[in-house]
Amino acid sequence: MVLSEIWIYPVKSLGGIRLNASEVEEKGLKFDRRWMIVDEDGVFLTQRVFSKMALLDISLLENGLVISSRFEPGNEVFVPYTPVSGANIEVKVWDDIVQAVTVSDEADAWLSKQLDKNVRIVMMPESTRRPADPRYALHGEAVSFADGFPFLLISQGSLDDLNSRLPEAIEMRRFRPNFVVTGTGPFSEDAWKSIRIGSLSFDVVKPCARCVLTTIDPKTGEKGAEPLKTLASFRRVNNKILFGQNLVGRGTGTVCEGDEITLV
């Protein structure tokens, strides 16, 4: 079994970036969902409501992010790693209220124009600790602005099985994983408890329940019925539709595409 793809999503619910290697931190991969867009009340925004977020792409520079509009060349904004505005505010992501830092008035104005709503982009400082769900986290692990856990893993075999049932095949990025694994059968990851990716250990703590975000085409931002309609026919457990596995890490280090994956 091999780690075939590594993905990060620096700004929650915006475009992803595929990497050849990434640093593993307690809260997730470096830069993964360390930024988030919030409304005037500090509540997080996602593609579930604002599907146009799917059309905003991210690139990493040495000193910050660039957010760009996919179908408008040159329409972009710079988001510095070191906040310029730097005001401390409380933000809400699902049921959690945590401390965040505003980043840039310029970026706020640009994003507000793109989304037709007054929004701000915030960053999670290192000092903020957002616990992962204590019902599943093993050692009080923390998480970034991701939905619930630091890492999400899906096997290519699972996607291949799903695509064999769909009227039209979809890409893995529809499910926004961090780790994609090749060399397994479909849904083999359901039975895993602990794994090693290269030299680093991870615990598999909870299946990932999927939502309507998976029905948004990441290329066009258009919504449809699939893949949830088909997944519901064979992956529904306790009224939740499961695809992929949430992980927590046991240490820090680096993972690379091509790393061997072993069961512990």
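No hydrogens, no waters, no symmetry mates; every other heavy atom, side chains included, goes into these values.
- Partners of F50 under the ring-ring contact (aromatic ring centres under 6.0 Å, His included) rule, at least two apart in sequence or in another chain, do not exist in this structure.
- Exactly one of D32, L60, D57, L65 qualifies for a side chain to side chain contact (heavy atoms under 4.5 Å, CB included) with I17. That residue is L60.
- If you check the side chains of D203 and S194, you find a donor sitting under 3.5 Å from an acceptor.
- When the side chains of ILVMFWY residues are joined at heavy-atom separations under 4.5 Å, either directly or via intervening members, Y81 and W110 end up in a single hydrophobic cluster.
- Ring planes of F187 and F234: perpendicular class, angle over 60° (limits at 30 and 60°).
- Considering only heavy atoms from C-beta on, D39 stays 4.5 Å or farther from N118 through its side chain.
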**Asked** Are R48 and D147 close enough, and set up right, to give a salt bridge (Lys or Arg N to Asp or Glu O under 4.0 Å), and what steps lead you there?
**Response** CA-CA 13 Å; R48 295 168 182 86; D147 279 351; 2.9 Å; yes

**Message:** ring-ring contact (aromatic ring centres under 6.0 Å, His included), that's the test. Do F202 and F151 meet it? Break it down for me.
**Reply:** CA-CA 9 Å; F202 298 83; F151 310 97; 5.2 Å; yes

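- Checking side-chain atoms of S155 against main-chain N and O of V181 turns up no donor-acceptor pair under 3.5 Å.
- Under 4.0 Å is where a charged nitrogen must lie from a carboxylate oxygen, and between D217 and K219 no such pair does.
- Within the model, atoms CG of L153 and CG of L247 stand 5.5 Å from one another, a figure rounded to the nearest 0.5 Å.
- A heavy-atom distance below 4.5 Å is found between the side chains of R33 and N178.
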**Asked** Which is it for R130 and E141 under the salt bridge (Lys or Arg N to Asp or Glu O under 4.0 Å) test, yes or no, and what are the steps along the way?
**Response** CA-CA 9 Å; R130 179 185 171 220; E141 290 89 355; over 6 Å; no

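- Within 6.0 Å of NZ in K52 there are more than 12 heavy atoms belonging to other residues, nucleotides or ligands.
- Using modelled atom types, one side-chain atom of R210 and one backbone atom of F243 make a donor-acceptor pair closer than 3.5 Å.
- Counting only distance, with no hydrogens or angles, the side chain of S85 and the backbone of V103 share a donor-acceptor pair below 3.5 Å.
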**Request:** Would you sort out whether Y9 and F31 count as a ring-ring contact (aromatic ring centres under 6.0 Å, His included), showing the intermediate values?
**Result:** CA-CA 8 Å; Y9 312 87; F31 298 127; over 10 Å; no

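- Contact record, A21 with I6: CA-CD1, 4.0 Å, taken as the closest heavy-atom pair.
- If you check the side chains of T230 and S233, you find no donor sitting under 3.5 Å from an acceptor.
- Looking at every heavy atom in both residues, R70 comes nearest to A54 through NH2-O, 2.7 Å.
- Separation of the F179 and W7 ring centroids does not fall under the 6.0 Å cut-off.
- Results of the ring-ring contact (aromatic ring centres under 6.0 Å, His included) test with F44 over F145, W94, W35 single out W94 as the only residue that passes.
- A distance of 10.0 Å separates CD of Q99 from CD1 of I97, quoted to the nearest 0.5 Å.
- Side-chain contact between Q156 and D160 is present, with at least one heavy-atom pair separated by less than 4.5 Å.
- More than 12 heavy atoms of other residues, nucleotides or ligands lie within 6.0 Å of NZ in K223, so this atom counts as buried by the packing criterion.
- Taking the charged nitrogens against the carboxylate oxygens, E260 and R196 have no contact shorter than 4.0 Å, which rules out a salt bridge.
- A distance-only check finds a donor-acceptor pair linking the side chain of N163 to the backbone of I170 [under 3.5 Å].
- If you take NZ on K30 and OG on S22, they are separated by 8.5 Å, rounding to the nearest 0.5 Å.
- A single hydrophobic cluster is not seen to contain both V205 and I197; linkage of ILVMFWY side chains at heavy-atom distances under 4.5 Å, directly or through other members, places them apart.
- Salt bridge E171/R173: present, at least one basic N to carboxylate O contact under 4.0 Å.
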